[in-house]
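This report concerns only the one structure given below.
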Amino acid sequence: MNRRVLLLITAGGAVVLVPWTVFLAHDLPDGFTTDQWRLAWVGFDVMLLAGLGSSAWLGFRRRRAAVPVLIATAALLFCDAWFDVVLDWSGESRWSSLLMAVCLEIPLALFLSLRARYLLSANNPPRVVTAQEARAVLANPVRQQIMQALTLDPTTVQSLAVRLHADPADVVSELRTLEAAGFVRGDGDRWHKRSLDLRWPVPNQTNTEDWVHFGAWQDQKLAQDLALLGTVARHPERYGPWTKGSRSEPLLTHEELNRFFDEYLELLLRYGALREQTADVKSDRSRKRGEPQRISVRFYMFPNSLGEPAAESHAPPPGAGTTVDGSAPPGAGRII
């Protein structure tokens with residue numbers, strides 16, 4: 001749905017509800033008798049049961065569709081607590097209704113809401129990279145080496161120092177700098193790279209000097225990826241059955257491309273949530289297939305245009321920014 005239409009509908013509905021709510025507050029009687037009381041509450045509980053059951057099934061299947069179902073179920077629980085307390089307030093069961101609302105329905109609704117928020121971001125909210133953060137990585141070769149050496153698995157300072165042939169005190173100092181920039185996390189003597197959903201800034205909102213740093217950082221990341229891919233392609237025997245790859249050129253519309261990418265992200269979310277991502281994982285490639293191993297995934301999609309590619313420049317293109325449909329341009333996209 002078009003964003004403007006969605007905002008118009010939601011804002012218009014909020015405006016219309018204001019006088020309607022005032023009218024109901026003055027016009028509705030304090031008491032009312034209905035012949036469908038049982039049907040109303042049984043039907044409501046059936047919807048609540050469906051919401052909880054669907055949330056459990058979708059959560060078990062690790063589907064992103066669990067997010068809206070969790071939110072809807074949480075809303076039903078809040079409504080259940082409200083109507084139970086308000087409708088029983090003058091009756092004998094008001095204290096039991098209040099106790100159930102405070103101890104069960106509201107806490108469960110809050111838990112489902114927080115869980116939906118966690119799943120929506122995969123505990124990894126997007127963050128726009130700043131020029132200061134880019135310089136924090138590029139300004140020192142030791143920091144670059146640390147970023148290459150660290151993984152999501154905890155590593156000791158001594159191990160990093162031995163691997164980088166550096167003084168442990170210098171490694172700790174650079175780790176502190178990277179931690180302040182939000183790239184790594186330390187727990188005592190053990191450090192690991194943070195799982196981040198980093199995004200490029202909008203080009204026309206970034207000056208040319210800062211954009212050079214972003215371009216240099218992207219060049220460095222791409223060079224690392226190409227070197228890694230070349231090693232895997234030339235020496236597949238080093239990795240045994242642990243390497244998978246594919247090349248394809250499907251004919252897609254822009255909408256189909258976005259849907260493809262959303263499904264890819266859903267796969268990452270589902271399989272990334274199978275186990276704790278900061279758990280200790282050994283690097284032995286001879287492990288059994290049933291044992292987990294850290295897998296590097298790189299995913300790029302781009303038009304296969306004919307002809308030679310144009311010369312690249314790290315200067316921001318004139319007039320660049322978000323596209324007409326609200327999606328991010330290449331310069332403001334996800335850092336993969």
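The first residue of the sequence shown is numbered 1, and numbering continues consecutively from there.
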Is there side-chain contact between [X] and [Y], with at least one heavy-atom pair below 4.5 Å?
X: Val102; Y: Leu98; value: yes
X: Leu52; Y: Trp57; value: no
X: Leu252; Y: Met301; value: yes
X: Arg190; Y: Thr155; value: no
X: Leu87; Y: Trp41; value: yes
X: Asp45; Y: Leu49; value: no
X: Thr156; Y: Ser159; value: yes

Inset, instruction - Look at Arg298 together with Asp225 and state whether they make a salt bridge at an N to O cut-off of under 4.0 Å. - result: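 Looking at Arg298 and Asp225, the cut-off is met.
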Enter the distance from [X]:[atom1] to [Y]:[atom2] here, rounded to the nearest 0.5 Å.
X: Asp262; Y: Leu267; atom1: CG; atom2: CG; answer: 11.5 Å
X: Phe260; Y: Tyr264; atom1: CZ; atom2: OH; answer: 10.0 Å
X: Ile71; Y: Ser113; atom1: CD1; atom2: OG; answer: 7.5 Å
X: Leu99; Y: Ser93; atom1: CG; atom2: OG; answer: 12.0 Å
X: Asp84; Y: Ser97; atom1: CG; atom2: OG; answer: 5.0 Å

Testing the basics here: between [X] and [Y], what is the closest heavy-atom pair and its distance to 0.1 Å?
X: Ala149; Y: Leu160; answer: CB-CD2, 3.8 Å
X: Phe44; Y: Leu76; answer: CZ-O, 3.3 Å
X: Met147; Y: Lys193; answer: O-NZ, 2.9 Å
X: Ala66; Y: Gly59; answer: CB-N, 4.2 Å
X: Glu105; Y: Leu77; answer: O-CB, 3.9 Å
X: Trp89; Y: Arg94; answer: O-CD, 2.7 Å

Inset, instruction - Give a yes or no on this: more than 12 heavy atoms of other residues, nucleotides or ligands lie within 6.0 Å of atom CD of Glu237. - result: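 For Glu237, atom CD is crowded (more than 12 foreign heavy atoms under 6.0 Å).
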Inset, instruction - Might you work through the side-chain contact (heavy atoms from CB on, under 4.5 Å) test for Val85 and Trp95, ending with a clear yes or no? - result: CA-CA 8 Å; Val85 173; Trp95 296 115; over 6 Å; no
Any chain of hydrophobic side-chain contacts (each under 4.5 Å) joining [X] to [Y]?
X: Phe261; Y: Leu257; result: yes
X: Phe111; Y: Leu48; result: yes
X: Met47; Y: Trp37; result: yes
X: Leu112; Y: Ile106; result: no

Inset, instruction - Without swapping roles, check the side chain of Thr10 against the backbone of Leu7 for a donor-acceptor pair under 3.5 Å. - result: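 At least one qualifying donor-acceptor pair exists.
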What donor-acceptor contacts under 3.5 angstrom involve side-chain atoms of residues 166-184, with partners at least two apart or in another chain?
unit_1	atom_1	unit_2	atom_2	d
Asp167	OD2	Ala169	N	2.9
Glu174	OE1	Arg143	NE	2.5
Glu174	OE1	Arg143	NH2	3.4
Glu174	OE2	Asn140	ND2	3.3
Arg176	NH1	Glu179	OE1	3.3
Thr177	OG1	Ser173	O	3.2

Inset, instruction - Applying ring pair (Phe, Tyr, Trp, His ring centres under 6.0 Å), name anything that partners Phe83, two or more places apart in sequence or on another chain. - result: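 In terms of ring pair (Phe, Tyr, Trp, His ring centres under 6.0 Å), with neighbours along the sequence ignored, Phe83 is linked to no residue.
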For residues 19-28, which side-chain donor-acceptor pairs fall under 3.5 Å, sequence neighbours excluded?
unit_1	atom_1	unit_2	atom_2	d
Thr21	OG1	Leu17	O	2.6
His26	ND1	Val22	O	2.9

